[in-house]
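Take a look at the structure set out below.
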Amino acid sequence: MRQEPLLEKEYEWLQQALNQLIGDEKAIIKRRYLTDDVYDYMVWPELKWSERTYQRKKQKALCRLAIMIQSESNIIESTGGIVAWFGQ
């Protein structure tokens, strides 16, 4: 089982990464992944986008989020701090 301080740090990293996303990207991630029982087919019509536009924007948002989280993990690792589980 994970330690509470590590979970809090991971949550903080995720929040920092989310705050760096631009409007559409942040809206997609929050609506699709941080809300219970919401699926892609529910989100794109709500945003008034075509399915293809939604998929492209979602892919870009997920890539940017992964890069930001990986960068944060590398910074922590290089300074000798805790290595986040998602940095491996």
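Here the structure is a predicted model, which is why all the values come from computation and not from measurement. Residue numbers count from 1 along this sequence. Note: hydrogens, waters and symmetry copies are ignored here, and every other heavy atom, side chains too, is used.
Of the possible donor and acceptor atoms, one in the side chain of S50 sits under 3.5 Å from a partner among the backbone N and O of T53.
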Check your understanding: When you look at L62 and Y33, which way does the side-chain contact (heavy atoms from CB on, under 4.5 Å) test go after all the steps?
Key -> CA-CA 10 Å; L62 289 171; Y33 297 103; 3.7 Å; yes
Review point. Can R64 and E25 be said to form a salt bridge (Lys or Arg N to Asp or Glu O under 4.0 Å), step by step?
Key: CA-CA 9 Å; R64 284 179 38 104; E25 295 171 347; 2.8 Å; yes
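At a threshold of 4.5 Å between side-chain heavy atoms, the hydrophobic network of Ile, Leu, Val, Met, Phe, Trp and Tyr places M42 and L34 in two separate groups.
By the 4.5 Å heavy-atom criterion applied to side chains, V43 and W49 are not counted as neighbours. E8 is not listed as a side-chain neighbour of E12, based on a closest heavy-atom distance of 4.5 Å or more.
A search for side chain to side chain donor-acceptor pair (under 3.5 Å) contacts involving D40 returns R32, Y54, K58, not counting sequence neighbours. Partners of D37 by side chain to side chain donor-acceptor pair (under 3.5 Å), not counting sequence neighbours: none found.
Between atom CG of residue L18 and atom CE of residue M68 there is a gap of 8.0 Å, rounded to the nearest 0.5 Å. Atoms CG and NZ, on L21 and K60 in that order, are 10.5 Å from each other to the nearest 0.5 Å.
The shortest non-hydrogen separation linking L47 to I28 is CD1-CG1, 4.2 Å.
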